[in-house]
Amino acid sequence: MSEMLDKAATALAAKVSGADADIDAKVKFEIDGVGTLVMDGAQTPPAIAKGDGDADVTVSADADVFQQLMDGALDPTAAYMGGQLRIDGDMGLAMKLAQILA
């Protein structure tokens, strides 16, 4: 994985491991120009790996926005409403995910 993907995977794993919300699904994170991570929430702890494929929801953003989300400097809902974050798939799952990332 690229250095950015490594850092993103580590930050995402830390957020997910301390979360109360149950994400029993596959979530794809597409970081524009960097790569793709897939989180399998059906595993305990959730597995996060570089990859592509089918997911219940896909979250897409550029690297700066994704970094701000991981740092807690940007609210996921505000990023979505502002067009900085794109969601494709299960919006209910995306809302659960927003609670974790906030």
Side-chain angles (χ1 to χ4, degrees):
M1 279 191 253
S2 73
E3 184 177 340
M4 170 62 184
L5 281 182
D6 286 340
K7 288 181 181 180
T10 299
L12 188 57
K15 284 192 175 277
V16 171
S17 69
D20 290 332
D22 182 27
I23 305 290
D24 188 17
K26 284 194 177 182
V27 180
K28 186 183 335 182
F29 298 90
E30 292 180 342
I31 306 170
D32 299 342
V34 176
T36 303
L37 294 172
V38 176
M39 179 184 82
D40 186 349
Q43 297 185 24
T44 305
I48 300 169
K50 180 181 176 185
D52 205 352
D54 293 335
D56 298 290
V57 66
T58 300
V59 178
S60 305
D62 67 29
D64 290 335
V65 169
F66 194 79
Q67 185 63 51
Q68 290 177 47
L69 289 170
M70 291 300 103
D71 292 343
L74 181 61
D75 177 68
T77 303
Y80 175 74
M81 298 300 283
Q84 297 172 293
L85 187 66
R86 298 170 308 280
I87 307 292
D88 183 31
D90 186 337
M91 285 303 285
L93 181 56
M95 291 173 69
K96 276 184 162 179
L97 191 60
Q99 295 172 356
I100 293 171
L101 297 179

Handout entry: Single-linkage hydrophobic cluster Met95~Ile100, side-chain heavy atoms < 4.5 angstrom
Key =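 Met95 and Ile100: separate clusters.
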Exercise for the section: Find out if a path of hydrophobic residues (ILVMFWY) with successive side-chain heavy-atom gaps under 4.5 Å connects Leu12 to Val38. Expected result: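 Different clusters.
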Heavy atoms only: give me the nearest [X]-[Y] pair and the separation to one decimal.
X: Lys15; Y: Leu101; result: NZ-O, 3.3 Å
X: Leu85; Y: Leu69; result: CD1-CD1, 3.8 Å
X: Ala98; Y: Thr77; result: CB-OG1, 4.3 Å
X: Gly41; Y: Pro46; result: CA-CB, 4.1 Å
X: Ala8; Y: Leu37; result: CB-CD1, 3.8 Å
X: Ala61; Y: Phe66; result: CB-N, 4.4 Å

Exercise for the section: Tell me, with the steps shown, if Ile87 and Thr58 meet side chain to side chain contact (heavy atoms under 4.5 Å, CB included). Expected result: CA-CA 6 Å; Ile87 307 292; Thr58 300; over 6 Å; no
Practice task
Starting at CG of Asp40, measure out to CD of Gln43 and round the result to the nearest 0.5 Å.
Solution key: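 Asp40 CG to Gln43 CD: 4.5 Å, rounded to 0.5 Å.
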Exercise for the section: Working to the nearest 0.5 Å, report the span between NZ of Lys7 and CE of Met70. Expected result: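 Going from NZ on Lys7 over to CE on Met70, the span is 14.5 Å.
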Handout entry: Criterion side chain to side chain contact (heavy atoms under 4.5 Å, CB included) on Thr36 and Ile31, from CA distance to verdict
Key = CA-CA 6 Å; Thr36 303; Ile31 306 170; over 6 Å; no
Handout entry: Working for side chain to side chain contact (heavy atoms under 4.5 Å, CB included), residues Tyr80 and Met91
Key = CA-CA 11 Å; Tyr80 175 74; Met91 285 303 285; 3.8 Å; yes
Handout entry: Any side-chain heavy-atom pair of Phe29 and Leu5 under 4.5 Å
Key =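 No, side chains not in contact.
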Practice task
Before giving the answer on side chain to side chain donor-acceptor pair (under 3.5 Å), spell out for Gln67 and Asp71 the whole-Å C-alpha distance, their side-chain angles and the decisive distance to 0.1 Å.
Solution key: CA-CA 6 Å; Gln67 185 63 51; Asp71 292 343; 2.9 Å; yes
Practice task
Using the side chain to side chain contact (heavy atoms under 4.5 Å, CB included) rule, take Met39 and Ile23 through it: C-alpha gap first, then chi angles, then the decisive distance, then the call.
Solution key: CA-CA 9 Å; Met39 179 184 82; Ile23 305 290; 3.6 Å; yes
Practice task
Only one of Asp52, Asp88, Asp56 passes side-chain hydrogen bond (donor to acceptor under 3.5 Å, both in side chains) with Lys28; say which it is.
Solution key: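 Of Asp52, Asp88, Asp56, side-chain hydrogen bond (donor to acceptor under 3.5 Å, both in side chains) with Lys28 is met by Asp52 alone.
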